[in-house]
Amino acid sequence: MTSASSGADMVDWDLAVATATRLARPGPEVTREQAREVVSELRRHALEAEEHVREFTGMRSSSLVSSVGTPVLVVDRPGWVKANVAGFRTIVQPLVDKLRARRSDSPGAAVLGSIGEKATGVEVGAVLAFLSTKVLGQYETFAPAAPGPDGSSGAPVTPDSPAALFDKSRPEPQPPVPGRLLLVAPNIVHVERELDVDPHDFRLWVCLHEETHRTQFTAVPWLRDHIQSEVQSFLAQTDVDPAALLERLKDAIGGGITGPGGGGDGVGTGTLLDIVQSPQQREILGRLTAVMSLLEGHADVVMDGVGPEVVPSVAEIREKFKQRRDRGAGRLDLVLRRLLGMDAKLRQYQEGAVFVRDVVDRVGMTGFNRVWTSPNTLPTKDEIHDPAAWVTRVVG
């Protein structure tokens, strides 16, 4: 952590975790018996969903993953924060190295860096606190496969945490494969109560989505490295000169940032990423957006396509969930969602699902699975909106 690195990181990750844990709103009220029941059922559904996803998609995990498995962790909101901090530290390392090299030539860099890292730690913690109430589950692609520098596995839940009303068990060591499945129990319970849907069906429905993500990465060995390479290329292009970033921010505000649906008049409508991107980064982000649209849309298609035989109330759940998504929340919540790019993520679900359904209708699931052959067979950003073009290029 930063305290041991003498200002070598961009973010005081310890402070980020502490801030997020302090600011995160408490989850719904449950008894300890109810909490144990939720954790047990989510674990069962995660295992059950694995076979449903395999049968529907025809995708199979690699032999190593099949033999040792990947962990399923049912976590509370602080647990989700801790897990994601571990992943963030892994993925932003190229940018940290770049910043460290720049600071080494600057007088007083250690003192200024320490101050900046603490400020950024608070900011990151505030963002994580907000997000920790929104996420139902995730496949943590960049979870460390080996023990961390302190000898721990990096697993997100501590058994003596007063906030950990859900998974109180001491986490097992990480297996020798990267990635783990996280299910955020308080958020799942909150949404199922808000929607007034069958809790057993809803929990399995969520597990089907997240299990699809786990299958995507465990059945396609090159996918994780490809995305990590793209993200690291994006970060390597980041200009760490504050003056340059300030100039880009001023240009964005002055000219109007135009995002999808934006008119370019007045203060811009883009996300924070839109403000700081270079032209090279926009190209990389275009490719990443296409990949994420594919992954999210594929998971949405699978969670609904497994069908009423497995989730009897799937039609009701989907309709109520869509209404909740369209309804949005309070003004501050909407602003934060916009700035953090969460609206763009929702569009990824919708556009990606349209792409997957169209391709499957044209060439079947076997033809669609050609998408997993190599990075060259992934859809481009334009092809996400033109599935016929992808079919022509890849399937023929």
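Side chains included, hydrogens not; waters and symmetry mates left out as well; all remaining heavy atoms used. Here the structure is a predicted model, which is why all the values come from computation and not from measurement.
- Ring geometry, Phe202 versus Phe321: the interplanar angle falls from 30° to 60°, so the pair is classed tilted.
- Sparse packing is recorded around CD of Glu29, with 12 or fewer heavy atoms of other residues, nucleotides or ligands lying under 6.0 Å away.
- For the side-chain contact (heavy atoms from CB on, under 4.5 Å) test with Glu48, the passing option among Arg44, His52, Glu51 is His52; the others fail.
- Counting only heavy atoms from C-beta outward, the side chains of Val189 and Gln34 never approach each other to under 4.5 Å.
- Tested against Glu140, the residues Arg214, Arg180, Lys82 include a single salt bridge (charged side-chain N to carboxylate O under 4.0 Å, His left out) partner, Arg180.
- Between the Arg362 side chain and the Val391 main chain, no donor and acceptor come within less than 3.5 Å of each other.
- Closest heavy-atom contact between Val81 and Ala20: CG1-CB, 3.6 Å.
- His213 and Glu210 are not linked by any side-chain donor-acceptor pair at a separation below 3.5 angstrom, with hydrogens and angles left out of the test.
- Using a 4.5 Å heavy-atom cutoff, the side chains of Thr133 and His190 are not in contact.
- For Arg25, the CZ atom sits in a loose shell: 12 or fewer heavy atoms of surrounding residues, nucleotides or ligands are nearer than 6.0 Å.
- Judged purely by atom type and a 3.5 angstrom limit, Asp386 has no side-chain atom pairing as donor or acceptor with the backbone of Asp382.
- Judged by distance alone, the side chains of Ser313 and Asp198 never bring a donor and an acceptor atom under 3.5 Å apart.
- For Phe217, the ring-ring contact (aromatic ring centres under 6.0 Å, His included) partners are Tyr139, not counting sequence neighbours.
- For the pair Val291 and His226, the tightest heavy-atom approach, listed with the atom from each and the gap, is CG2-NE2, 4.5 Å.
- Atom CD of Glu55 is surrounded by 12 or fewer heavy atoms from other residues, nucleotides or ligands within 6.0 Å.
- For Ile284 against Glu230, the heavy-atom pair with the smallest separation is CG2-O, 3.3 Å.
- Annotation for Val53 and Leu208: closest pair CG2-O, 3.9 Å, computed over non-hydrogen atoms.
- Among all heavy-atom pairs drawn from Leu378 and Arg393, the shortest one is O-NH2, 3.0 Å.
- Taking CH2 of Trp390 as the start and OG1 of Thr380 as the end, the distance is 11.5 Å to the nearest 0.5 Å.
- Using a 4.5 Å cut-off on side-chain heavy atoms (C-beta onward), Val301 and Arg357 make contact.
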- Task: Could you walk me through whether Thr57 and Val302 pass the side-chain contact (heavy atoms from CB on, under 4.5 Å) test, one step at a time?
- Result: CA-CA 8 Å; Thr57 64; Val302 172; 3.6 Å; yes
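- Between the Asn187 side chain and the Val135 main chain, a donor and an acceptor come within less than 3.5 Å of each other.
- Under the 4.5 Å side-chain heavy-atom criterion for Ile, Leu, Val, Met, Phe, Trp and Tyr, Val363 and Phe56 are members of the same hydrophobic cluster.
- Once rounded to the nearest 0.5 Å, the distance linking OG1 of Thr215 with NE2 of His298 reads 8.5 Å.
- Using a distance-only test at 3.5 Å, with no hydrogens or angles considered, no donor-acceptor pair links the side chain of Ser229 to the main chain of Asp225.
- Taking CG from Leu294 and CH2 from Trp372, the interatomic distance works out to 4.0 Å, rounded to the nearest 0.5 Å.
- Side-chain atoms of Leu183 and His45, non-hydrogen and from C-beta on, never get closer than 4.5 Å to each other.
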